[in-house]
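Below: one structure, written as structure tokens.
FYI, side chains are in, hydrogens and waters are out, and symmetry mates aren't considered; it's all heavy atoms of this structure.
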Amino acid sequence: MSHVPLAIISVFLLLALVLVLQDRWRRGAFVLGVTALLAAWFRLILPEIQAGLIAVRSKPFDVSVLVSMGVIIVWLTLSIDPLGTD
């Protein structure tokens with residue numbers, strides 16, 4: 001059962017990669033940021049045994065780094081204007 005959160009995260013990472021490879025890099029980056037936030041949520045609510053490979057360091061460290069990265073990536077993707085529009 002400890003591999004289920006990692007499998008869910010992997011599916012979202014694969015979706016982000018597919019979007020980037022299809023030249024939808026803003027959407028792919030957005031999905032990547034949301035995936036980091038989802039991983040932070042899993043790390044926050046699950047005990048270390050069930051978190052599996054999402055648990056790298058201490059819970060506060062893992063959650064703070066994942067939330068920081070997720071928020072920054074999502075903010076960047078939403079703040080970049082699409083090309084060709086004013």
Write out all pairs satisfying salt bridge (Lys or Arg N to Asp or Glu O under 4.0 Å) with one or both partners inside residues 25-49, taking only residues at least two apart or from two chains.
R43-D62
Residues pairing under salt bridge (Lys or Arg N to Asp or Glu O under 4.0 Å) where one sits in residues 29-41, two or more places apart or in two chains, turn out to be none
Residue set satisfying side chain to side chain contact (heavy atoms under 4.5 Å, CB included) with I45, at least two apart, ordered chain then number -> W41
For the hydrophobic clusters of this structure (ILVMFWY residues joined by side-chain heavy atoms under 4.5 Å, transitively), does one cluster hold both V20 and L14?
no
Scan residues 51-60 for pairs that pass salt bridge (Lys or Arg N to Asp or Glu O under 4.0 Å), counting only residues two or more places apart or in two chains.
none
Enter the distance from I54:CD1 to L46:CG here, rounded to the nearest 0.5 Å.
7.0 Å
Any idea which heavy atoms bring A16 and G28 closest together, and the distance?
CB-O, 3.4 Å
Minimum heavy-atom distance V56-L53, with the two atoms named
CG2-O, 3.9 Å
With clusters defined by side-chain heavy atoms of hydrophobic residues (ILVMFWY) lying less than 4.5 Å apart, directly or transitively, does I80 cluster with F30?
no
For residues 32-39, please give each side-chain donor-acceptor pair under 3.5 Å, one per line with the distance, not counting sequence neighbours.
unit_1 : atom_1 : unit_2 : atom_2 : d
T35    : OG1    : V31    : O      : 2.6

Please write out which residues are connected to V18 in a hydrophobic cluster, directly or through intermediates, given that two of Ile, Leu, Val, Met, Phe, Trp, Tyr count as joined at side-chain heavy-atom separations below 4.5 angstrom.
none
Which atom of S68 lies closest to which atom of S64, heavy atoms considered
OG-O, 2.7 Å
Would you find more than 12 non-hydrogen atoms of other residues, nucleotides or ligands less than 6.0 Å from I49 atom CD1?
no
Single-linkage hydrophobic cluster V63~I9, side-chain heavy atoms < 4.5 angstrom:
yes
Residues joined to V11 in its hydrophobic cluster, side chain to side chain under 4.5 Å directly or through other members, sorted by chain and number, are none
Testing the basics here: between V67 and A40, what is the closest heavy-atom pair and its distance to 0.1 Å?
CG2-CB, 3.6 Å
Hydrophobic clusters here meaning ILVMFWY residues chained together by side-chain heavy-atom distances under 4.5 Å, can you tell me if V71 and I73 are in one?
yes
Under a single-linkage definition using a 4.5 Å side-chain heavy-atom cutoff for Ile, Leu, Val, Met, Phe, Trp and Tyr, are I8 and L13 assigned to the same hydrophobic cluster?
yes
Rounded to the nearest 0.5 angstrom, the CG-CD distance for L6 and Q50 is 14.0 Å
Which residue pairs satisfy the salt bridge (Lys or Arg N to Asp or Glu O under 4.0 Å) criterion with at least one member in residues 64-75, sequence neighbours excluded?
none
Using a 4.5 Å side-chain heavy-atom cut-off and chaining through intermediate ILVMFWY residues, the residues clustered with L76 come out as I72, W75
